[in-house]
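For reference, the structure discussed in these notes is given below.
Heavy-atom basis, side chains included; hydrogens, waters and symmetry copies ignored.
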Amino acid sequence: MAETSERVERLVDELTREEKLRLVRGTTDPAGTATGYLPGVDRLDVPEFRLVDGPLGVRAEDERATAFPTALALAATFDPDLAREQGAAIAREAKAHDQDALLAPGTNIVRVPHCGRNFEYYSEDPRLAADLTAGVVEGIQDEDVVATVKHYVANNQEQNRTEVSAEVDERTLRELYLPAFRAAVEAGVGSVMTAYNRVNGTHMSDHRRLVADVLKDEWGFEGYVVSDWYGVESTVGAATAGLDVEMPGVSVTDSRDAPDEADESSSETDVDLGSIDGVPDPTEAGFFGEPLAEAIDEGAVPAERLDDMVARVLGQMERIGLFDGDRGDGALDTPAHRDLAHRIAARGTVLLENDGVLPLDDATDVALVGPNVHEATLGGGGSSETTPFHSVSPREGITSRAEGEVAVARGVPEIEDVSLFDLLPFVGDDAGEESDDAGPDPDPSKDEAVAAAEAADVAVVVVRDATTEARDGDDLRLPGRQDELVEAVADAADRTVVVVNSGGPVELPWRDDVAALLAAWYPGQAHGAALADVLYGDRDPGGRLPVTFAPEDAYPATDESQYPGVDGVADYSEGPFVGYRHFDAADAEPTYPFGHGRSYADFRYGAAEADGDAVRVTVENRAERPGREVVQAYVRPPAAPDGVERPVRELAGAAAVELDGGETSTVEVDLDDLAFARYDPDDGWVTDSGAYAIEVGRSSRDVRTTVRVDR
Ligand code: BGC
């Protein structure tokens with residue numbers, strides 16, 4: 001049972017069972033804006049409660065909001081304070097749209113590089129994911145909106161996501177997949193969303209051990225657990241496992257009771273709604289309505305469980321001030337929000353390579369090439385799609401910043417967005433975002449792009465992938481003829497800069513032939529403005545890779561049994577050796593390692609000093625220009641007893657510093673106890689005694705100074 005206030009306790013006493021049941025099962029929002037809705041109880045002044053997507057900005061139905069950069073871009077900043085700012089801004093926009101809970105942040109670990117939702121998540125590393133998650137949760141909740149951390153847990157692929165069982169051992173769960181959720185609980189998160197998948201055979205909404213035992217009893221989570229949409233499979237199983245709220249609660253067929261145009265067109269389709277891979281069956285809902293009442297009557301679910309569900313929901317309503325109506329109005333599309341979206345996009349941009357061509361001189365003549373330079377790349381497809389009020393395309397961003405000539409040539413046909421919603425026959429046409437820029441030329445020519453590149457001082461080629469929730473990518477290649485375009489331009493122009501907008505790692509077969517290379521993720525509405533900042537050096541490219549870049553077959557889960565799984569089972573047999581933990585253990589060279597990212601400045605590290613709680617190092621900016629350094633500390637453990645294989649190194653923490661040219665500063669990175677520990681299935685977290693090396697440097701593969709700590 002959750003701790004409750006007097007008011008909540010009184011309400012639980014006064015509510016009828018009918019009323020209680022209505023507070024734990026979603027229904028259709030009469031205002032039509034929310035993603036999920038709980039009706040209030042007028043009689044007792046319990047307010048209505050609206051839940052809305054999502055991690056990159058508010059997705060209220062038919063409404064606009066600031067489209068922030070994708071979660072991976074935020075993670076690339078390695079900056080929990082910025083995460084907090086972003087969380088708070090999205091929450092203010094949610095309030096402005098009259099929403100009470102945000103279905104964000106998403107924090108599943110990037111296990112497979114082709115997962116269609118990697119763009120919505122933070123990292124392959126649990127420490128970085130935990131720090132960003134906590135920042136976003138705190139920011140959202142500082143604004144009196146409930147944060148919903150999702151998808152609990154091991155939802156690491158979209159293919160077969162509603163069926164697959166992640167077979168994962170306890171140590172791996174604890175060391176890799178659970179920490180970000182635990183960090184959310186420690187940050188006071190109000191809600192946790194269960195994942196669609198199974199873990200070790202049990203569906204997550206029925207997973208008593210992970211929900212009731214670990215999340216609630218062990219970690220002391222006091223908020224409510226909500227299902228993913230159409231992600232409930234049983235009444236008794238879910239209620240006794242600790243699920244508190246079913247969403248959306250009504251089936252797509254129920255919500256068609258009053259047909260309108262969209263309904264008529266969708267009822268014409270003969271698609272079996274339950275059979276689309278990656279899409280839950282939307283005709284299956286209502287497990288917590290009458291069936292829950294019956295289960296209580298039959299004694300299969302204790303009546304106190306319903307009281308606890310209700311108390312948890314009411315507790316969050318109370319915490320955000322809904323009973324007292326003192327939440328403030330929120331704010332939408334303010335100059336501060338536009339500026340924040342712009343700053344995160346620039347700071348999350350990772351400079352992978354630079355032979356000196358960047359930053360560009362103001363007077364440079366630029367050939368701007370790429371199939372989608374006329375539009376901002378907002379995000380991937382699915383429940384995180386946000387429609388902004390305003391956006392800046394690369395073409396607009398560069399033309400307004402450049403003092404030299406800018407010639408624009410798309411080169412190859414446009415790469416079209418893909419979206420989960422296109423797979424759903426019951427969803428009407430999404431209007432989508434119209435760019436502020438004019439549309440593309442109908443018939444792009446590669447020769448024209450090459451000629452423009454030859455004539456200019458520098459060619460900037462902007463390429464992208466297209467990913468969506470509910471579908472994993474087939475491979476890590478850039479779609480369409482973009483590789484061919486880059487090769488042709490790089491062949492013609494020595495000074496070729498390539499900007500990659502992607503939802504995760506992609507293969508870059510031409511990377512040795514280009515002069516500079518940037519990973520800019522899906523940058524959101526400020527795409528072109530942030531790009532111009534970084535290209536012209538108005539801001540240092542502050543980003544560092546939150547995921548390893550490597551060829552597809554070099555990643556760990558390459559066997560079919562591991563991904564996508566055989567007979568509905570994905571065997572996480574690689575254990576904790578995901579991301580750089582795998583590349584280090586295999587002694588394999590990635591294309592670009594975790595943590596990598598260049599600066600326009602030049603940093604020199606002094607010798608690190610450490611005590612048990614923190615490591616300190618002086619960093620000098622030897623360049624004449626300012627720059628932002630992300631100092632990373634990794635712990636290299638001593639050999640563990642009895643054949644326990646530990647990662648070579650694990651990120652313990654990071655701290656960023658902005659330094660003017662010539663400036664020196666001491667940077668401190670905290671080392672918490674878990675940075676040294678490993679999870680033992682019998683003994684829990686244990687720290688082996690011995691000498692630990694603390695490696696401090698610019699990436700997981702660029703260690704600048706090492707210091708020993710005894711434990
Ligand atoms: C997604 C969730 C999302 C929900 C509501 C599901 O398809 O997995 O992340 O919050 O839909 O849109």
Do the side chains of I344 and L340 get nearer than 4.5 Å, heavy atoms only? yes
Does the side chain of H203 pick up a donor-acceptor pair with the side chain of N197 at under 3.5 Å? no
Heavy-atom check, side chain of L21 versus side chain of L292, under 4.5 Å: yes
Can you confirm whether the side chains of H390 and Q525 place a donor and an acceptor under 3.5 Å from each other? no
Determine whether more than 12 heavy atoms belonging to other residues, nucleotides or ligands lie under 6.0 Å from atom CG of D474. no
State, yes or no, whether a side-chain contact exists between L178 and W219 at a heavy-atom distance under 4.5 Å. yes
Pairwise side-chain contact, L23 with V41, heavy-atom cut-off 4.5 Å (strictly under): yes
Distance only, no hydrogens: is a donor on one side chain within 3.5 Å (strictly under) of an acceptor on the other, for E63 and T33? no
Any side-chain donor-acceptor pair under 3.5 Å between S234 and D206? yes
Under the salt bridge (charged side-chain N to carboxylate O under 4.0 Å, His left out) rule, what do K150 and D228 come out as? Steps first, then yes or no, please. CA-CA 8 Å; K150 66 190 189 183; D228 201 342; over 6 Å; no
Do you see a donor-acceptor pair shorter than 3.5 Å between the side chains of E385 and S419? yes
Judged by atom type as modelled, is there a donor-acceptor pair below 3.5 Å linking the side chain of R25 to the main-chain atoms of G249? yes
For a quick check under 3.5 Å, do H151 and N108 share a side-chain donor-acceptor pair by atom type? yes
Side-chain H-bond candidate by donor/acceptor type, T467 with Y522, under 3.5 Å: yes
Between K95 and E143, does a salt bridge (charged side-chain N to carboxylate O under 4.0 Å, His left out) hold up when you go through it step by step? CA-CA 9 Å; K95 271 193 295 190; E143 290 291 335; 3.3 Å; yes
Passes salt bridge (charged side-chain N to carboxylate O under 4.0 Å, His left out), D472 versus R117? Steps please. CA-CA 8 Å; D472 290 338; R117 271 189 117 166; over 6 Å; no
Does the side chain of T283 pick up a donor-acceptor pair with the side chain of D281 at under 3.5 Å? yes
Is there a donor in the side chain of E469 and an acceptor in the side chain of S383, or the other way round, less than 3.5 Å apart? yes
Is a donor from one side chain sitting under 3.5 angstrom from an acceptor on the other, for D100 and Y37? no
Test H114 against Y563 for ring-ring contact (aromatic ring centres under 6.0 Å, His included), laying out the working first. CA-CA 10 Å; H114 356 48; Y563 170 81; 5.3 Å; yes
Could you pull out all residues at least two apart from E158 that satisfy salt bridge (Lys or Arg N to Asp or Glu O under 4.0 Å)? R161
Residues two or more places apart in sequence or in another chain: which of them pass side chain to side chain contact (heavy atoms under 4.5 Å, CB included) with P113? L476, P505, Y555
Does a donor on one side chain and an acceptor on the other come within less than 3.5 Å for R319 and Q141? yes
Side chains of E375 and R395, heavy atoms from C-beta outward: is any pair under 4.5 Å? no
Would E93 and T66 count as having a side-chain donor-acceptor pair, cut-off 3.5 Å? yes
Walk me through it: do E222 and K216 pass the test salt bridge (charged side-chain N to carboxylate O under 4.0 Å, His left out)? CA-CA 7 Å; E222 297 274 338; K216 289 184 170 174; over 6 Å; no
What I'd like to find out is whether the side chain of T35 reaches to under 4.5 Å of the side chain of L103, using heavy atoms alone. yes
